[in-house]
Each structure stands twice: as C-alpha cells, then as structure tokens.
Peer 1: 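Before anything else, here's the structure in question.
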Amino acid sequence: MEAATAVETIQREMTVFARRARASAGRLHPELSLVSYTLLGHLEERDGCRATDLAAHYALDKSTVSRQVAALERAGLVERRQDPEDHRVQVLHLTEAGRHILGQVTVSRRAAVGERLADWTPEDLERFARYLVRYNAWPRSD
C-alpha cells in the first residue's frame with residue numbers, strides 16, 4: 001500500500017472509530033457524553049485544572065468547555081475550588097459522584113475495548129498502543 005493510500009485509510013478508519021466511540025458513550029452511560037467522559041478523565045488525571053486548560057488541551061472553544069463544565073457542575077460531578085496559590089483562579093475538581101461515575105464508565109469502556117481486541121496477540125496490542133501514543137503525542141501542546 002502506498003503512503004497516500006495508507007493515510008487515506010487511516011483517516012477514514014479514525015473517523016469510523018470516533019463515530020463509534022461517540023455512539024457507544026451514550027450506551028455505556030446515558031447521562032455522560034464522550035466529551036464529558038473525556039473532561040472528567042482529564043480532571044482526574046491532573047487532579048484538577050482550570051477550564052481554560054481543558055479548552056487548550058483538547059483544542060476546544062472556551063464556550064464549548066464552559067457549557068460542558070456547567071452541565072457537569074449541575075449534575076454534581078464537578079466542583080470549582082479556589083486555587084490556593086492564586087485566589088482569583090478557579091480550579092475544577094471531580095466530586096465523589098464524579099469519581100464514582102467516571103469509574104463505572106471506565107470499567108465499561110475497558111470491557112468493550114477489551115472485547116474488540118480479545119483475539120489480538122500481545123505483540124499486536126503493544127504495537128497498536130505505541131502507535132496511538134505516538135500519533136496523539138504530536139505535537140504536544142501541554
């Protein structure tokens with residue numbers, strides 16, 4: 001397969017992957033969209049961050065993040081806390097309910113991905129994981 005054809009195939013398959021991920025997110029937890037799940041995961045991984053940091057990390061419009069965060073706050077999954085070093089800054093953190101739902105959805109998502117990859121060899125899994133990390137690391141904005 002030549003490079004141009006491979007790139008076209010990769011782009012098409014990534015689009016299919018993204019569509020399936022969005023569709024399955026609603027089935028795994030009807031109240032938690034893929035974007036919300038992703039934002040909660042980032043907050044857990046970073047132990048909290050500012051909404052502007054979320055927007056920058058995911059290359060999203062600030063108003064999009066603001067709407068998502070507001071919905072997560074209304075659902076009791078996220079709370080704002082004053083930054084101890086700069087009292088003008090509000091840092092978003094998961095609530096206990098947010099941690100609980102994120103944990104539930106993570107278990108469900110891992111099981112669904114594991115099921116799709118069940119017949120892959122360990123070598124294929126490791127190679128695929130390395131390629132995904134490499135692809136998503138370029139260029140690093142954070």
Side-chain angles (χ1 to χ4, degrees), residues 3-142:
T5 303
V7 169
E8 186 176 314
T9 300
I10 290 167
Q11 188 276 325
R12 183 181 61 248
E13 294 302 318
M14 288 176 63
T15 300
V16 170
F17 178 84
R19 286 184 181 149
R20 283 189 175 154
R22 279 193 298 272
S24 70
R27 289 191 301 274
L28 294 174
H29 196 287
E31 297 154 23
L32 199 60
S33 72
L34 181 60
V35 172
S36 296
Y37 172 77
T38 303
L39 297 179
L40 290 176
H42 189 80
L43 291 174
E44 180 183 53
E45 181 182 310
R46 300 273 196 244
D47 194 26
C49 70
R50 300 174 305 161
T52 55
D53 296 332
L54 286 172
H57 180 76
Y58 290 107
L60 294 170
D61 186 78
K62 289 178 186 176
S63 64
T64 300
V65 171
S66 179
R67 283 191 303 275
Q68 290 290 328
V69 167
L72 292 170
E73 284 181 297
R74 282 193 303 276
L77 305 178
V78 169
E79 64 185 2
R80 293 177 190 266
R81 297 183 199 156
Q82 198 173 55
D83 186 324
E85 296 178 16
D86 185 347
H87 297 297
R88 299 168 296 169
V89 175
Q90 296 286 310
V91 179
L92 301 168
H93 289 275
L94 294 180
T95 62
E96 282 305 312
R99 287 185 194 288
H100 179 73
I101 284 182
L102 179 63
Q104 286 180 321
V105 175
T106 298
V107 167
S108 297
R109 290 183 70 81
R110 283 187 185 145
V113 170
E115 188 176 318
R116 282 202 125 181
L117 301 173
D119 63 344
W120 288 35
T121 67
E123 295 80 17
D124 284 344
L125 291 172
E126 290 170 16
R127 188 177 308 112
F128 187 50
R130 282 194 313 271
Y131 287 155
L132 285 173
V133 168
R134 181 177 169 190
Y135 179 83
N136 286 324
W138 185 90
R140 275 316 272 202
S141 60
D142 60 345

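Source: prediction; values computed, not measured.
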Peer 1: Could you state the interatomic distance from OG (Ser63) to CD (Gln68), rounded to the nearest 0.5 Å?
Peer 2: 10.5 Å
Peer 1: To the nearest 0.5 Å, tell me how far Arg46 CZ sits from His93 NE2.
Peer 2: 13.5 Å
Peer 1: Can you run down the side chain to side chain donor-acceptor pair (under 3.5 Å) pairs that involve residues 6-18, sequence neighbours left out, and say none if there aren't any?
Peer 2: Gln11-Thr15
Peer 1: CZ of Phe128 to CG of Leu117: how many Å apart, nearest 0.5 Å?
Peer 2: 7.0 Å
Peer 1: Taking all non-hydrogen atoms of both residues, which atom of Val65 and which atom of Ala51 are closest, and how far apart?
Peer 2: CG1-O, 3.7 Å
Peer 1: With side chains defined as the heavy atoms from C-beta onward, is the minimum distance between Arg99 and Glu96 less than 4.5 Å?
Peer 2: yes
Peer 1: For the backbone of Gly76 and the side chain of Thr95, can you confirm whether one donor and one acceptor N or O come within less than 3.5 Å of each other?
Peer 2: yes
Peer 1: Are Glu44 and Leu40 close enough that some pair of their side-chain heavy atoms sits under 4.5 Å apart?
Peer 2: no
Peer 1: CG of Leu54 to OG1 of Thr64: how many Å apart, nearest 0.5 Å?
Peer 2: 12.0 Å
Peer 1: Minimum heavy-atom separation for Leu92 and Arg80, please, with both atom names.
Peer 2: CD2-CG, 3.6 Å
Peer 1: Would you say the side chain of Tyr58 lies within less than 4.5 Å of the side chain of Val35, judging by non-hydrogen atoms?
Peer 2: no
Peer 1: Considering only residues two or more places apart or on different chains, which pairs with a residue in residues 47-64 satisfy salt bridge (charged side-chain N to carboxylate O under 4.0 Å, His left out)?
Peer 2: Arg50-Asp53
Peer 1: Side-chain contact test, heavy atoms from C-beta onward, threshold under 4.5 Å: evaluate it for Ile101 versus Tyr37 and give yes or no.
Peer 2: no
Peer 1: How long is the span from the CG atom in Asp86 to the CG atom in Asp83, to the nearest 0.5 Å?
Peer 2: 6.0 Å
Peer 1: Give, for atom CZ of Arg67 and atom CG of Leu60, the distance between the pair rounded to the nearest 0.5 Å.
Peer 2: 10.0 Å
Peer 1: Around atom CD of Glu45, are there more than 12 heavy atoms of other residues, nucleotides or ligands at under 6.0 Å?
Peer 2: yes
Peer 1: Identify, with sequence neighbours excluded, every residue that meets side chain to side chain contact (heavy atoms under 4.5 Å, CB included) alongside Ala70.
Peer 2: Arg74
